Number of protein chains: 2
Amino acid sequence: MGKERVTVVDIARAAGVSKSTVSLVLQGSPLVNEATRAKVNAAIRELGYVYNRSAANLRQARSKIIGIVVNDLTNSFFAELAVGVDEVVQSAGFVQFLANTSEKLERQREVIASMREHGVSGLIISPARGTEVGDLAPLGAAGIPVVLVVRDIPGADVSSLISDNHAGAVAAVRHLVERGHRRVAFLGGFADTAVFEARMRGYRDALQEAGLDTSETLTIGSAPSRAGGVTAIEQAMMLKERPTAALCFNDAVAFGVCDGLRARRLEPGEDFAVIGFDDVIEAKTAVPALTTVSVDPQGMGERAAELLLKQINSGRVEPEAIVSPVRLAIRQSCGAAVGRRMKEISS
Amino acid sequence: MGKERVTVVDIARAAGVSKSTVSLVLQGSPLVNEATRAKVNAAIRELGYVYNRSAANLRQARSKIIGIVVNDLTNSFFAELAVGVDEVVQSAGFVQFLANTSEKLERQREVIASMREHGVSGLIISPARGTEVGDLAPLGAAGIPVVLVVRDIPGADVSSLISDNHAGAVAAVRHLVERGHRRVAFLGGFADTAVFEARMRGYRDALQEAGLDTSETLTIGSAPSRAGGVTAIEQAMMLKERPTAALCFNDAVAFGVCDGLRARRLEPGEDFAVIGFDDVIEAKTAVPALTTVSVDPQGMGERAAELLLKQINSGRVEPEAIVSPVRLAIRQSCGAAVGRRMKEISS
DNA sequence: CTTGAAATTTGGAACGATCTAAATTATCCG
DNA sequence: CGGATAATTTAGATCGTTCCAAATTTCAAG
């Protein structure tokens, strides 16, 4: 009744060769004769053999798994990132272990430990808020390559791939200033992340460069989500001197800001200029199409995966810190130059 | 120089016990004496031991991995579903293998094969379009429990958890009819899926029940995406007899429809009623908030995972086909009763 | 003390692949 | 045909854990 598992020995017997030869065939070795290869493959199909990776990993000491740890999978930025990683990882014959930490350090620790136990060959991590150098140290010590994405951890001795947040923010604000805006807000995001800091600094620098007010009143934090955007813009509109434009921490916030504006019967792109950050897929198709700093999450995932694979294959490499260039995708939500209506509401 | 891997034997030696005892401790067996357990745990910490799951799996013939295969991770419905699965799977001591097929059958086959090789204990699959019974048969034969989610595959001998698409569509259309709509469209989606068929049938049935026109002209297919929604509503507005309301295939389409309406200077919820399907997180915070058939993707993920775990633990169970109840979340986008403006544009 | 049962601990054989080094077979050339 | 070289194939050890059966220790009761 109970069917035994089919192993290399079984197919060796069936094909009339030794298990070593079967192993060679499984690995696609060029050493083996075409005729025997065919015989073996036939037997494999015949018996419905399923390769046992656990056994292989045991001997080889490292599996063909790469792990990816993200801090918030429900944010489509990270979902797209994961898709990008999966794409290249799969075609390199690896398989992806994906875990979501929901921004919880404890979960992140568990997840990374579990991946180590499974013998992952490398890890791509978008760290949860508050991750420290020490959380990654054991990986480095064990010789497991790590690529940090999106968020960097200062002092960590691993590679990182983050987008040029500062330059992106500068470009966005310059664009708004060129269009005549004088009161530009920075909306959304939590102040304790490196990403926030960089975008914020770019915003300030561009403002300063244009000789504009860089006081703190126009900077309003919130959760980096759509709902956060709604509350941020609400607060902004309570100010005595209202902004006429805003650079948002990310696209989710920007969408929320648009929602909030509409709730006040203001049309984003006409009555108020909105620029986002990240360029998630919906940015293009939204109405109005969202002007945003284009980061291409899927592309970032692909590049992170390539970087990681390079490190895995070349044994040991110096950690690289790559900043990924960024461009401003100008669409409708940043509107035309400041015109009648904007002047009107801003006064 | 080269540090050797630390194994049970090493910690056995360090703790002055046998490797069997260490193994017992590792598994949290109640057989072992408290004092020795402490000694062993100390040694484990001391030497920085990392459990080798490959070795364990080899012996035990099945790993604590559950696989989840989704057809489109960039769709936030599935991202949320995956998060729900991850949640319960992790707390049950399993770890999740997530793969995205991008709706490609070939990729799906590879991915499922790879998961088998890794010895997954069970699989949650949202199958790619065109998946056939034969694609799942080998899993059943190998005694690997499978739970299908979202899309069912008629004739497959596995459990499934799908939402009550028919009832949801009926409820949505009834609601629109009660509000006075007489020309209700069904927008978006591909006609060759079981999900489409069910929602569509619900739409028809409710229309018929109200004695309304069920001719095909008001049914307009499109890609089940935001962009698809835009094109679908454009087509709908070209009709000589325009609809005043629409049930959309899913929320992404519904958002696209809202976008398309705005592009024509029509305000969703005021000039035209829109109802979506799925209730993704953005539905609540969008403006106008989207009325939608609430499916709670994360909850579905959790339930699917629980169902799967039940099957894994209880050895062998009869496949169950669960249809998950659904409720209409009435928000702003379906507007008030047909009023002045709607009559105006619809004539 | 003995003794039997209960509580702990343990040696050694798996698990199913890979790898090394050596054996076998085929091929070539004068 | 002999010998050398190249091409294939193979035996057997090995990876790090779990599991079985048996051994040892502990303990309570007689």
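Naming convention: chains lettered A, B, ... in sequence-line order (proteins, then strands); numbering from 1 in each chain. Being a predicted model, the structure only gives us computed values, none of them experimental.
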Participant: Quickly work out the Arg37(B) CZ to dA7(C) C1' distance and round it to whole Å.
Facilitator: 13 Å

Participant: Got a donor-acceptor pair under 3.5 Å from the side chain of Ser20(B) to the base of dG11(C)?
Facilitator: yes

Participant: Using only heavy-atom distances, decide whether a donor-acceptor pair under 3.5 angstrom links the side-chain of Arg59(B) to the base of dT18(D).
Facilitator: yes

Participant: Nearest to the Asn52(A) side chain among dA17(C), dG12(D), dT17(D), which nucleotide is it?
Facilitator: dA17(C)

Participant: Decide yes or no, distance alone: a donor-acceptor N/O pair under 3.5 angstrom between the base of dA17(C) and the side-chain of Ser23(A).
Facilitator: no

Participant: Looking only at side-chain atoms of Val8(B), point me to the closest of dG16(D), dT9(D), dT17(D).
Facilitator: dT17(D)

Participant: Can you tell me the distance, in whole Å, between the CG atom of Asn57(B) and the C1' atom of dC15(C)?
Facilitator: 11 Å

Participant: In this structure, how many angstroms lie between the P atom of dG16(C) and the CZ atom of Arg13(A), rounded?
Facilitator: 12 Å

Participant: Could you tell me whether Val9(A) contacts a base, only the sugar-phosphate backbone, or nothing, with contacts defined as non-hydrogen atoms closer than 4.0 Å?
Facilitator: nothing

Participant: Only one of Val6(A), Val25(A), Val17(A) clears side chain to side chain contact (heavy atoms under 4.5 Å, CB included) with Ile11(A); which?
Facilitator: Val6(A)

Participant: Begin with the C-alpha distance, continue with both residues' side-chain angles, and end with the deciding distance and a verdict on side-chain contact (heavy atoms from CB on, under 4.5 Å) for Ser121(B) and Ile65(B).
Facilitator: CA-CA 6 Å; Ser121(B) 306; Ile65(B) 298 177; 5.8 Å; no

Participant: If you only use heavy atoms from C-beta on, which nucleotide in dT9(D), dT18(D), dG12(D) is closest to the side chain of Lys19(A)?
Facilitator: dG12(D)

Participant: How long is the line joining CG of Asp10(B) and P of dT17(D), in whole Å?
Facilitator: 9 Å

Participant: Counting only side-chain heavy atoms from C-beta out, which of dG16(C), dT18(D), dT8(C) sits nearest to Leu58(B)?
Facilitator: dG16(C)

Participant: Any base atoms under 4.0 Å from Val22(A), or only sugar-phosphate, or nothing? Heavy atoms, all strands.
Facilitator: nothing

Participant: Flag the pair Glu306(A) and Arg303(A) as a salt bridge only when some basic side-chain nitrogen lies within less than 4.0 angstrom of an acidic carboxylate oxygen.
Facilitator: no

Participant: Consider the side chain of Thr7(A), meaning its heavy atoms from C-beta on, and name the nucleotide among dA17(C), dG12(C), dA11(D) that approaches it most closely.
Facilitator: dA17(C)

Participant: Assign Thr36(A) to base, sugar-phosphate, or nothing according to its heavy-atom contacts below 4.0 angstrom with the strands shown.
Facilitator: sugar-phosphate

Participant: Round to the nearest Å and state the distance from His118(A) atom NE2 to dT17(D) atom C1'.
Facilitator: 14 Å

Participant: Mind calculating the distance between NZ (Lys39(A)) and C1' (dT9(D)) to the nearest angstrom?
Facilitator: 11 Å

Participant: Less than 4.0 angstrom between a side-chain N/O of Gln60(A) and OP1 or OP2 of dC19(C), yes or no?
Facilitator: yes

Participant: Could Glu34(B) and Arg37(B) be called an ion pair, given the rule that one side-chain N must be under 4.0 Å from one carboxylate O?
Facilitator: yes

Participant: Take the protein atom CD of Glu34(A) and the nucleotide atom P of dT8(D), then report the distance between them rounded to whole Å.
Facilitator: 9 Å

Participant: For Leu26(A) and dT9(D), what is the distance between atoms CG and P respectively, to the nearest whole Å?
Facilitator: 14 Å

Participant: Could Glu320(A) and Lys310(A) be called an ion pair, given the rule that one side-chain N must be under 4.0 Å from one carboxylate O?
Facilitator: yes

Participant: Considering only side-chain heavy atoms of Leu31(B), which listed nucleotide, dT17(D), dT9(C), dT8(D), is closest?
Facilitator: dT9(C)

Participant: Please tell me which of the listed nucleotides, dT10(D), dT9(C), dC15(C), lies nearest to the side chain of Leu24(B)?
Facilitator: dT9(C)

Participant: Please pick, from dT17(D), dT18(C), dA17(C), the nucleotide with the shortest atom-to-atom distance to any side-chain atom of Gln27(A).
Facilitator: dT18(C)

Participant: Ser324(A) side chain to Leu161(A) main-chain N or O, any donor-acceptor pair under 3.5 Å?
Facilitator: no

